[in-house]
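These figures come from a predicted structure and were not determined experimentally. Numbers restart at 1 for each chain; the letters A, B, ... are given by sequence-line order, proteins then strands.
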Amino acid sequence: MSKYSIFSLARNALSFHQNWEKAWRSPEPKKQYDVIIVGGGGHGLATAYYLAKEHGIKNIAVLEKGWIGGGNTGRNTTIVRSNYLWDESAHLYEKAMKLWEGLSQDLNYNVMFSQRGVYNLGHNLQDMRDIERRVNANRLNGIDGYVVGPEEIKRAIPALNVDAGCRYPVLGASFQPRAGVARHDAVAWGFARGADKYGVDIIQNCEVTAIRQENGEVTGVETSKGTISAKKVGVVVAGHCSVLADMAGFRMPIESHPLQALVSEPIKPVLDTVVMSNAVHGYVSQSDKGDLVIGAGIDSYTGYGQRGSFSGIEHTVAAIIEMFPIFSRVRMNRQWGGIVDTTPDACPIIGNTPVKGLYFNCGWGTGGFKATPGSGWVFAHNVATGTPHELNAAFGLDRFTSGFLIDEHGAAGVAH
Amino acid sequence: MLLIECPWCGERDESEFSYAGEAHIARPLETEKLSDEEWANYLFLRKNTKGLHREQWNHAAGCRRYFNIVRNTVSYKISGSYKIGDQGPKIEEQGPKSGKQGPIGDES
């Protein structure tokens, strides 16, 4: 596979860009693999990539029922940050952040990671106390961040309404300078190309219909393209993890909800950072193309429909207009929904299951995109060695029995 | 927008209601005798059915009473609502057939 560089760009320009080779193959599945990863989203592809690169396991299939990156990877609002409150999640997301910072070079694929910073606004005294607590916790964990006041926010984001008289006055914010956004499709494509380079078979339009097991050990999967056997199966299917768990014979503490996002028509540069607010419940950034990328909360009811409710749109844009009255006449271009796998404590479930050789990585809920490389990194370790990485040891399924929940609702339950 | 039928008030817009989770999960009576696993099953494990799902709603901006509906979680089509304690419409049960949920009555 050729390396992408200024020289390859110039060479391909000579043939009017008609001869770029495909970034990954589309092979037919073999009968047998060492590891099968179910789910070709960012997390699944990252898992395959790090399994091949860091653990030397190259006989891997990634099975995707649709097209890669077509689920939540291609449906989120692309925000990347690591300013989580509790140690366990802070370490996990910070690992992801460190990987993000070298990801384009590592993959030789521009994931357009832009560290434009993230502001988490506080609108009342308790918000500000929580923000100060979280920033202090972050700094103790080596994560950058500081508390800013309304004047500094106004200087940085002139379009934001910080008038003291508004319904939800902005009293301050936490700011993480290293946070930002990345190009979501490029993340899936970059990991796919990177994994393919190591010989990983990426098989699209291949839906898993059953998980085969003997004596409590996984032996493979049945798919729409036939039976494929493997001693290890990693399931990374987000909203459908309950369906896959049912195939394997156990239940998950997960409920799947629709979460929607919107983009506006492209407008001139107006917002060069990411603004999130838990209290008015919305988050917005501006893409390089100029669209405002807008998201908010999940629909209250469970659903697999990959579309959001109309009342959800109303709540979302109301929150954005509350923060940015200047956007009130911007027209929305597109709206879509994804299915997020929410857990009781707003933290992921990564680790072993009651079936030997079967591993689950799910429960990322509304905020999995930011963790994509870190999630793949720890899950690859878990699948390769059969035991959790130190960074995901606290995120096992057993925490719901032991009671050791990692309650990130305050820092993470709303906005991602 | 879902059009939800409250058994007391009739059909109203989704925005008058709040969702209250999977239906027919009875709180175990002698909780002090439950193992950690059984307690976790009651608190956290859910069917999360893809298909016909029995679930509770509250008519928050109306009569404020709870009731159950049967809703398809893929098409979002609602195929009947009924009062708490009633059996509701007969449906072909979908969702997890395997997996335990502790001492919880799982039939509707």
ring-ring contact (aromatic ring centres under 6.0 Å, His included), that's the test. Do Trp364(A) and His43(A) meet it? Break it down for me. CA-CA 10 Å; Trp364(A) 290 93; His43(A) 290 226; 5.1 Å; yes
Less than 4.5 Å to any heavy atom of chain B: does that hold for the side chain of Gln306(A), its backbone, both, or neither? backbone
Max heavy-atom pairs within cutoff under 4.5 Å with chain A, candidates Glu55(B), Arg71(B), Met1(B), goes to Arg71(B)
Quick one: do Phe67(B) and Phe17(B) satisfy ring-ring contact (aromatic ring centres under 6.0 Å, His included)? Show the steps, please. CA-CA 11 Å; Phe67(B) 59 95; Phe17(B) 298 87; 5.8 Å; yes
Given that the side chain runs from C-beta out, which part of Pro258(A) has a heavy atom under 4.5 Å from chain B: side chain, backbone, both or neither? side chain
Do Arg307(A)'s NZ or CZ and the ring of Trp336(A) fall within the cation-pi criteria of under 6.0 Å and 45°? no
Considering only heavy atoms and a distance below 4.5 Å, find which of Val243(A), Thr401(A), Thr302(A), Ile339(A) pairs most often with chain B. Thr302(A)
Cys6(B) side chain reached by Cys63(B) side chain, heavy atoms, under 4.5 Å: yes
So which part of Leu397(A) gets closer than 4.5 Å to some heavy atom of chain B, the side chain, the backbone, both or neither? neither
What I want to find out is whether Glu22(B) reaches Arg54(B) closely enough, with some N-O distance under 4.0 Å, to be called a salt bridge. no
